[in-house]
Number of protein chains: 2
Amino acid sequence: MVTIHEVARAAGVAPSTVSYVISGKRSISPKTKRLVEESIRRLGYHPHAGARALASSRTSVLALVVPLRTDLNVAVVMQFVASVVKAARDHDHDVLLLTKDEGPAALQRVASSALADALIVMDVESDDPRVPMLLALDRPVVLIGAPDSPSGLPCVDLDFTAAGAVCVGHLADLGHRSIALVGPSPAVYRRGTSYAARFLRGFTDAARARRVKAVPRSCQHSYDAVSSGLDELFARHPDVTGLVVHNEAVLPAVLSDLRHRGRRVPEDVSVVAVCPDSMAENHPVALTTVAIPAEEVGALAVEMTVRSLGGHTSAETRLLAPRLTVRGSTTHV
Amino acid sequence: MVTIHEVARAAGVAPSTVSYVISGKRSISPKTKRLVEESIRRLGYHPHAGARALASSRTSVLALVVPLRTDLNVAVVMQFVASVVKAARDHDHDVLLLTKDEGPAALQRVASSALADALIVMDVESDDPRVPMLLALDRPVVLIGAPDSPSGLPCVDLDFTAAGAVCVGHLADLGHRSIALVGPSPAVYRRGTSYAARFLRGFTDAARARRVKAVPRSCQHSYDAVSSGLDELFARHPDVTGLVVHNEAVLPAVLSDLRHRGRRVPEDVSVVAVCPDSMAENHPVALTTVAIPAEEVGALAVEMTVRSLGGHTSAETRLLAPRLTVRGSTTHV
DNA sequence: TTGAAAGCGATACCAC
DNA sequence: GTGGTATCGCTTTCAA
């Protein structure tokens, strides 16, 4: 292993000087700087992460807690992960991956053992049991999502309440008077996943405000569930002409089943999907969407985290405004 | 921060004793063991990861290199990641997430700075430029995938060559004489992604052996690409009655488009999908599949890695035998 | 069965 | 602008 001492000896300077060249925390003469950097490159020196962490109390690692379940939108989760990792690297940090189902103890462990400097937590629930524990941690935490009481924890997310309203608004503007929501799976609602609850609220409230009928439904991922769900939906509410799908996993199934039952999109049913823009074109009809800005959210979360690490302590909640893109799946009644 | 010294003082023993209680590397009297464990729990002690790494040259962290692109099977990648993380935790390790597009330098960095003890590398290419560098690393490496010349690096993967053959075999057994392959995107083939190449070879070779016609195609993810791809396919090869889809992302589009053009599954076209079993039921027709055993592969990769860390140096390549499950999407001609 | 103390490889303070 | 060195918290050898 190449150590800072070897680099120092090779460059004819003291170890501390090498350290300062690397960190830039004090001014160095151009000559020694050159000398040191040369030696570093020649020897292929990389500072020992553990030693560094021990001496500086900084690991340059962010812990990311993700839900690795299959009843969730895997593709979307992946986008979040990708953008967090990318943003982290842009800020010279690495990412340690934790899964939600290791429970709160894992967060404790990672924080207390100084495996990471800060935590980014996804898949937050409305009344998330992890919040109190996260507050007790002596490390910066940023939530992707928004519990009912963040209690001072900074949050980043799409404004799902507004998103629900935008979907309803768009369809109502087109003259639809009866709008159904195909939401996430029952399990997601059951455990009070924050984004699902917020979207539902936005959806329902906007419908009331616009005086249109709202028919909210949860939906499991299997084709049969989708199919029988739509059976029930149209049987009970034959007047439904607008569909908001907040569940990317079932999008193909919903579209396929609609066609199967002879309902054309958008002539007979208008469909608004809530999903990443990149998924809008992978369907028979280009979908009108409210985008899930995974990229921005991830980048923002990392930025806020890094800022916290810099000592800035702004516990703001940032809910990104929804963006509607009209494509081919919606039309007036 | 709670240190080993404080635990030691609380328990009335020496720090080294605490260390030994934790590691179990020497026998401890039941009494002191109890005492120490008690203090550990009471104080909420977690060993400092950096200090530990520094003293022991062990981080208990595995680096996982994943392709976070969107032209790949995101859902499948996610399954791999999930199973690796789970298996790693089962072996008392954490996972550091690296993306492929940071390039080979990132692997160097992580290895040399002792951020991780070992590397697990996904999305291996047939002639992967990272192989020589991985060999030069002084750390255990396990590949998920199989380059043409592993050069001694241990590999784990589904036997995609055999999988291609199984798909053809099943359809040929049912009497299909002309079989098309809907493969990954052109980009995946272009960069020589190992599994794509191996599957294609298995597919083609088996077709030749069985004297059936093979029509291999790559396929981009957009609906239009799928649709025009099938246009071309059926125009040029109207005799095709068997379809092998090795591209989960386009599965819904393929099925939807088949129905659209009036080809019923399985009456007119038999479809075999290569995808995780969990995706078989999310379609109008339950799909006959050759499973991608992400779970097993991930777990196996971790096991091999941990074994390597234990000093066992078996550079074997383990290709898991494909498993065909017949469901509703295939039938005899 | 236990304790004392020498490192591990950086950082950052104190001198000059 | 540079060097010496105490320090971080743990592991492990040596000694008892």
Side-chain angles (χ1 to χ4, degrees), chain A residues 1-37 39-40 43-61 92 109-117 138 309, chain B residues 1-37 39-40 43-61 92 109-117 138 309:
Chain A
M1 223 231 142
V2 184
T3 72
I4 201 171
H5 273 89
E6 312 185 31
V7 174
R9 196 149 37 76
V13 300
S16 54
T17 300
V18 176
S19 175
Y20 284 119
V21 167
I22 293 173
S23 69
K25 286 188 180 169
R26 79 179 181 192
S27 51
I28 302 282
S29 80
K31 196 182 67 190
T32 49
K33 185 168 174 189
R34 223 182 15 74
L35 241 51
V36 168
E37 282 169 344
S39 312
I40 288 180
L43 300 180
Y45 169 68
H46 292 270
H48 188 288
R52 197 169 229 189
L54 185 54
S56 68
S57 314
R58 275 296 170 102
T59 62
S60 294
V61 170
D92 264 306
R109 179 179 64 85
V110 169
S112 312
S113 65
L115 261 171
D117 295 332
D138 53 338
L309 285 172
Chain B
M1 222 228 145
V2 184
T3 72
I4 203 173
H5 274 89
E6 312 184 30
V7 174
R9 197 149 38 75
V13 300
S16 55
T17 301
V18 176
S19 176
Y20 283 119
V21 167
I22 293 173
S23 69
K25 286 187 181 171
R26 79 180 183 191
S27 53
I28 300 284
S29 80
K31 197 181 69 189
T32 50
K33 185 169 175 190
R34 226 183 11 77
L35 241 50
V36 168
E37 282 169 343
S39 312
I40 288 179
L43 300 179
Y45 169 69
H46 291 269
H48 187 287
R52 196 169 231 188
L54 185 53
S56 69
S57 313
R58 276 297 170 103
T59 62
S60 294
V61 169
D92 265 309
R109 180 179 63 86
V110 168
S112 311
S113 65
L115 260 170
D117 296 331
D138 53 337
L309 285 172

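Residue numbers start from 1 in every chain, and the chains themselves are labelled A, B, ... in the order their sequence lines are given, proteins ahead of strands. The analysis underlying the following values was restricted to heavy atoms, covering all of them including side chains, and did not include hydrogens, waters or symmetry mates. Note that the structure is a prediction, hence the values are computed from the model and not measured.
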Open item on the list: For Ser113(A), give me all partners under side-chain contact (heavy atoms from CB on, under 4.5 Å), at least two apart in sequence or on another chain.
Closed with: Leu115(A), His46(B)
TODO: Write down the atom of Pro15(B), the atom of Ala8(B), and the distance for their closest heavy-atom approach.
DONE: N-CB, 3.6 Å
TODO: Round to the nearest Å and state the distance from His48(B) atom NE2 to dT11(D) atom P.
DONE: 12 Å
Task: Residue pair Met1(A) / Ser112(B): nearest heavy atoms and the distance that separates them - done: CE-O, 3.4 Å
- [ ] State the CG-CD1 distance between Leu35(B) and Ile40(B), to the nearest 0.5 angstrom.
- [x] 11.0 Å
- [ ] Just grab all the side chain to side chain donor-acceptor pair (under 3.5 Å) pairs involving residues 23-36 of chain B, residues at least two apart or on different chains.
- [x] Ser29(B)-Thr32(B)
Open item on the list: Please report the end-to-end axis angle for the helix from dT1(C)-dA16(D) to dC16(C)-dG1(D), five pairs per end, rounded to 10 degrees.
Closed with: 40°
Task: Partners meeting side-chain contact (heavy atoms from CB on, under 4.5 Å) with Leu54(A) (sequence neighbours left out) - done: His48(B), Ala51(B), Leu54(B)
- [ ] Would you please name every residue forming a side-chain contact (heavy atoms from CB on, under 4.5 Å) with Ser19(B), sequence neighbours left out?
- [x] Ile4(B)
Open item on the list: Give me each pair satisfying side chain to side chain donor-acceptor pair (under 3.5 Å) with a member in residues 49-59 of chain B, each pair once, sequence neighbours excluded.
Closed with: Thr59(B)-Asp117(B)
Task: Stretch residues 27-37 of chain B: residues that reach within less than 4.0 Å of DNA chain D through a heavy atom - done: none
TODO: Measure the distance from CE on Met1(A) to P on dG9(C) and round it to the nearest whole Å.
DONE: 7 Å
Could you pull out the protein-nucleic contacts involving nucleotides 11-14 of chain C (nitrogen or oxygen on both sides, under 3.5 Å)?
from: dT11(C); atom 1: OP1; to: Arg52(A); atom 2: NE; distance (Å): 2.9
from: dT11(C); atom 1: OP1; to: Arg52(A); atom 2: NH2; distance (Å): 3.4
from: dT11(C); atom 1: OP2; to: Ser19(A); atom 2: OG; distance (Å): 2.7
from: dA12(C); atom 1: OP2; to: Lys25(A); atom 2: NZ; distance (Å): 3.1
from: dA12(C); atom 1: N7; to: Tyr20(A); atom 2: OH; distance (Å): 3.4
from: dC13(C); atom 1: N4; to: Tyr20(A); atom 2: OH; distance (Å): 2.9

Task: From Ile28(B), Thr3(B), Val13(B), residue fulfilling side-chain contact (heavy atoms from CB on, under 4.5 Å) relative to Val18(B) - done: Val13(B)
Open item on the list: Output the rounded distance in Å from CG (Leu54(B)) to C1' (dT7(D)).
Closed with: 12 Å
Task: Under the side-chain contact (heavy atoms from CB on, under 4.5 Å) test, residues paired with Ala10(B) that sit two or more places apart - done: Ser39(B), Arg42(B), Leu43(B)
